[in-house]
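Working notes, beginning with the structure itself.
We use all heavy atoms of the structure for the numbers below, so side chains are in, but hydrogens, waters and symmetry mates are not. We're numbering straight along the sequence, starting at 1. Just so it is clear, the model here is predicted, and its values are computed rather than measured.
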Amino acid sequence: MLFFSDIALQYYPWKQFLVEQFKSFSLPLWCPNIFCGFPLLAEGQTGTFYPLNVIFLLLPFPSAFNCYVMIHFFLMGIFTYAYCRLIGLSLYPSLIAGITCSYSGFMTVHTVHVSMITCAAYLPLGFYLIEKASFRDPLYYLLCLAFVICIQSFAGHPQILAISLIAYFSYYLFRATTKDAAPFPNRWLTCALFILPVAFGLTMAFIQLLPTYELSFSTGRSEISREFMISYSLPPWHVITYLFPDFFGWQSPYQPGNFWETGGNYLEFTCYAGIAGLILTLFSFGFSRRRREVIFFFMLFFTALILALGKFTPVYGWLTSLIPFYKFRCPSRFLLLSTFAFSILAGFGAENLINRDTERAKRFVACCQVFLFATLLGCLILHLLFHWSVMEHAIQPFILKFTGWMQPLSHAASNTSYSAIVENKLVHLKETLDLRSTTLLKPLLLLSILTLLLTLYARSKLPKLLFKVMLLLFIVGDLFIFSWRYNHGESVPEVLKPPGVLQSFKHDSRLFRTFTLYGSGELAVQKATLLPNLNILWGIDSIWGYSPLEFKRHSEIMKALPPVLLNMMNMRYVLSVPGEDSFGMKEVRRDKHSVLFELADYLPRAFLVNNYRVLNPETMKNEMLHGRVDFSRIALLEKDPNIRLIGGVTQGKIAFQDYRDENIVMHVSSESDALLILSDSYYPGWHAWIDGKETEIYRANYLFRGIVVTKGEHLITFSYQPAILKTGLIVSLLSFSIWAIGLLITFLYRKRSKMFLTKSESYTV
């Protein structure tokens with residue numbers, strides 16, 4: 001089954017937790033297993049309200065997870081096919097476009113980012129509905145588009161949603177300003193209609209978007225720097241990977257590979273969508289009647305590619321300044337739009353190739369032959385430049401002096417000189433340009449086979465039906481070979497087999513947390529060390545976690561975590577690999593992949609203290625990181641509770657009666673007034689009651705919760721009841737009701753009304 005990298009460390013555990021909550025008829029509002037407690041529903045990428053979660057209720061979880069991932073490749077292909085048919089392409093070119101889009105490099109390497117592909121799968125459907133709306137019944141189809149936007153919001157990747165909205169607006173603007181396509185005489189009114197699907201789509205998803213928005217203010221994403229936003233910008237020279245996908249090496253989530261773009265990421269920089277797709281795209285422009293759609297998709301392709309360059313062009317900076325809501329990193333993810341445009345253009349190219357006259361096909365094949373010859377000649381010249389000793393010694397000083405295109409200096413380590421960086425790249429480039437390497441040979445071989453296939457077809461040596469079958473097999477085989485080595489599966493028994501370390505925990509009924517010092521890409525080590533989020537699978541609490549929306553304060557503490565803070569976080573066990581530092585802790589278990597250490601003096605999940613200090617957050621953090629606080633005797637608060645405490649050692653007893661995800665009940669007996677410290681994350685939405693009377697929760701020890709308890713025995717309850725979720729639910733229900741009524745009215749009215757009909761519909765879908 002699919003179980004590697006972010007799938008194993010993020011999506012699989014989250015989905016399992018989600019499904020378990022569904023089966024108990026609740027929502028995953030709060031997950032106590034990571035980050036000392038975390039609002040998992042608000043994270044968004046869990047996809048709590050996404051309709052296709054129903055798959056998990058119909059199949060065993062491992063099978064359901066595989067189906068959940070794979071069905072979105074199928075959906076993207078189907079939606080792309082339907083859109084191509086709608087704009088007039090015949091069955092075969094539409095099929096090519098669908099396959100190219102759904103199994104492109106962008107989609108297959110981002111399998112590891114499940115929420116990305118689930119959100120991206122609906123992009124062609126949005127274009128389909130805008131195309132429908134541009135000729136008749138605009139209100140009806142725009143309301144349908146609102147539902148698509150809502151679904152994409154629930155899918156859980158806000159960046160892909162934002163990119164999709166930009167694409168929808170661009171295409172709608174293009175259609176609204178087309179002379180024979182605008183549904184209203186007033187084009188400004190037509191353009192303003194786009195507000196309708198966006199407003200309804202987003203407000204219907206407020207039940208998800210509002211909690212995510214609230215969470216963002218507790219994370220580092222609330223203060224996004226320009227350096228963060230331009231990270232993983234696509235280097236311009238990576239456009240060569242449209243033809244040579246492994247020109248800069250390759251890597252995968254479970255194998256290091258040989259990718260040599262220092263500071264880069266093979267996953268984020270993948271442009272490849274097939275050699276046949278590249279050739280057919282060229283044919284769509286150079287040998288077409290220049291239909292408006294072709295021009296638009298070429299503009300979309302190049303615009304998206306320029307935006308993907310990020311810091312290498314000023315255009316991306318203009319975009320982020322013009323669109324306030326677009327505050328994301330990885331400009332390279334605009335490759336989604338360039339890949340979609342690329343696929344549609346490939347469909348147009350296939351249409352031209354199949355349906356045009358023989359002379360046009362012959363001219364196209366001649367161009368392909370010239371392109372093949374030029375590529376071979378270019379590779380030969382570069383090979384000589386880097387392997388002929390005379391030229392090699394002449395060209396290297398030139399490159400060292402005048403070129404900086406090999407690697408942006410911003411990605412380089414501070415202790416590495418520019419010349420050392422470039423010299424390292426020259427070594428790799430020399431290996432790449434060796435004509436004996438598969439990096440060049442495989443694409444050149446595929447290009448040669450494709451050119452031969454086109455030549456035989458153009459000269460009528462190959463029947464059209466046989467050519468179409470062979471071309472389709474070529475496209476499928478090319479994309480399959482590219483993606484096969486990247487996506488890796490594990491056997492279901494190995495994934496589901498509990499790690500050996502659980503034997504040390506199963507008889508321990510006390511509340512405690514663990515911490516992992518080290519992990520690797522190997523499944524056995526990941527499980528043995530309970531790498532972040534994997535602990536969710538077995539119900540083990542951890543002070544660590546893995547999420548793009550990690551609490552900012554938690555992240556600050558974890559980055560500089562001194563041993564003196566471990567006990568404060570209710571951390572009893574540390575998991576490590578053999579040979580790592582144990583901080584002087586007691587070793588209690590060792591196996592092939594992990595070592596288990598125990599912290600003897602860890603503080604319990606909840607405890608009483610008889611003294612406190614009020615500090616501002618920054619001072620408090622510094623005090624903690626320098627080990628100047630004995631948390632068993634004193635609490636650090638940000639707000640003064642205005643109580644008098646006697647100091648010294650607190651006498652009392654705490655017994656948990658219930659400790660569930662969103663509800664905690666404990667019996668507390670204290671011999672004096674005190675502060676009860678609960679080492680669970682402080683977060684809006686938590687409420688506390690003492691003997692049935694609500695009391696204020698204070699932020700204690702920078703991360704946790706604290707309440708004032710008086711002398712005597714008390715029943716204390718903590719409950720997570722986020723008001724923002726209730727607000728989101730009300731807005732979503734109201735918006736959905738208005739949307740449903742509007743959709744019903746337009747559906748009943750659309751067949752009788754002719755007021756918007758400006759062009760007879762002649763599509764075949």
Side-chain angles (χ1 to χ4, degrees), residues 10 13-14 16-18 20-21 26-46 48 211-212 214-220 510-516 530 532-558 561 565-573 602-607 624 631 635 638 654 656 658-666 676-689 697-707 716-725:
Q10 187 172 335
W14 287 355
Q16 178 166 304
F17 185 82
L18 170 70
E20 289 174 353
Q21 296 298 304
S26 61
L27 293 174
L29 298 179
W30 189 264
C31 178
N33 306 127
I34 56 176
F35 299 122
C36 301
F38 186 70
L40 195 56
L41 181 146
E43 211 288 343
Q45 293 193 71
T46 312
T48 302
T212 303
E214 181 184 57
L215 175 60
S216 68
F217 285 100
S218 299
T219 71
R510 289 171 293 183
L511 287 172
F512 62 86
R513 293 192 175 99
T514 63
F515 176 51
T516 300
L530 289 179
N533 289 353
L534 283 180
N535 55 291
I536 296 176
L537 298 178
W538 294 283
I540 303 298
D541 295 345
S542 173
I543 67 172
W544 203 9
Y546 179 63
S547 167
L549 295 182
E550 178 184 359
F551 295 134
K552 181 183 179 182
R553 293 191 178 205
H554 188 278
S555 176
E556 291 170 346
I557 294 296
M558 294 299 294
L561 184 65
L565 286 187
L566 295 177
N567 67 343
M568 176 198 74
M569 307 176 83
N570 184 227
M571 198 216 72
R572 183 179 181 187
Y573 295 106
Y602 75 102
L603 290 174
R605 186 68 55 95
F607 55 94
M624 293 171 60
F631 294 102
E638 295 180 15
I654 299 174
F656 283 95
D658 189 14
Y659 191 94
R660 289 177 291 172
D661 302 334
E662 295 93 28
N663 292 283
I664 302 170
V665 181
M666 65 182 81
L676 170 69
I677 306 300
L678 178 64
S679 58
D680 285 0
S681 299
Y682 179 93
Y683 190 72
W686 277 99
H687 300 268
W689 291 266
I697 299 178
Y698 298 91
R699 190 190 289 270
N701 299 341
Y702 199 64
L703 303 174
F704 301 132
R705 308 173 211 156
I707 62 172
I716 297 178
T717 302
F718 287 87
S719 180
Y720 184 53
Q721 301 174 7
I724 197 77
L725 183 65

Discussion item. If we ignore hydrogens and angles and just use 3.5 Å, is the side chain of D658 paired with the main-chain N or O of V665 as donor and acceptor?
Written reply: no
Worksheet item: Rounded to the nearest 0.5 Å, how far apart are CD1 of I716 and CE of M666?
Response: 6.5 Å
Discussion item. Does either side chain, that of D680 or that of Y720, offer a donor lying less than 3.5 Å from an acceptor on the other one?
Written reply: no
Worksheet item: Shortest non-hydrogen contact from S547 to E43?
Response: OG-OE2, 2.8 Å
Discussion item. I'd like to know if the side chain of T219 and the backbone of K552 have a donor-acceptor N/O pair within less than 3.5 Å.
Written reply: no
Fill in: Worked verdict on I677 versus F631 for side-chain contact (heavy atoms from CB on, under 4.5 Å)
CA-CA 10 Å; I677 306 300; F631 294 102; over 6 Å; no
Worksheet item: Only one of L40, T48, D661, L725 forms a side-chain contact (heavy atoms from CB on, under 4.5 Å) with L29, so which one is it?
Response: L725
Fill in: Heavy-atom closest contact (W544 atom, T516 atom, distance)
CZ3-O, 3.2 Å
Discussion item. If I take atom CG from residue L703 and atom CE from residue M624, how far apart are they, to the nearest 0.5 angstrom?
Written reply: 5.5 Å
Item to complete: Report the relative orientation of the aromatic rings in F551 and Y683; use parallel for angles under 30°, tilted for 30 to 60°, perpendicular for over 60°.
Response: tilted
Worksheet item: Is a side-chain donor or acceptor of S681 paired with a backbone partner of G37 at a separation under 3.5 angstrom?
Response: yes
Worksheet item: What is the ring orientation for F38 with F35, classed by angle as parallel under 30°, tilted 30 to 60°, or perpendicular over 60°?
Response: tilted
Worksheet item: When rounded to the nearest 0.5 angstrom, what is the spacing between CD1 in I34 and CH2 in W14?
Response: 6.5 Å
Item to complete: Look up atom OG in S218 and atom CD in E550, then write down how far apart they are to the nearest 0.5 Å.
Response: 12.0 Å
Discussion item. Assess, by modelled atom type and distance only, whether the side chains of Y682 and R553 contain a donor and an acceptor separated by less than 3.5 Å.
Written reply: no
Discussion item. I need the minimum non-hydrogen distance between R513 and M569, along with the two atoms involved.
Written reply: NH1-O, 3.2 Å
Fill in: Closest non-hydrogen atom pair, F656 against A606
CZ-CB, 3.7 Å
Response to the item:
To the nearest 0.5 Å, atom CG of D541 lies from atom CG of L530 at 11.5 Å
Fill in: Test item: P548 and Q10 side chains (from C-beta on) under 4.5 Å apart, heavy atoms
yes
Worksheet item: Can you name the nearest heavy-atom pair linking L511 to Y602, along with the distance?
Response: O-CE1, 4.3 Å
Practice prompt. Mind running side-chain contact (heavy atoms from CB on, under 4.5 Å) on R705 and I664 for me, showing each step along the way?
Written response: CA-CA 13 Å; R705 308 173 211 156; I664 302 170; 4.2 Å; yes
Discussion item. Strictly distance-based, threshold 3.5 Å: is any side-chain N or O of S719 a donor or acceptor partner for the main-chain N or O of N663?
Written reply: no
Worksheet item: Is S542 reaching over with its side chain to a backbone N or O of N33, donor-acceptor style, under 3.5 angstrom?
Response: no
Practice prompt. With rounding to the nearest 0.5 Å, note down the distance linking CD1 in I543 to NE2 in H554.
Written response: 6.0 Å
Worksheet item: What pair of heavy atoms forms the shortest contact from I536 to P13, and how long is it?
Response: CG2-O, 3.8 Å
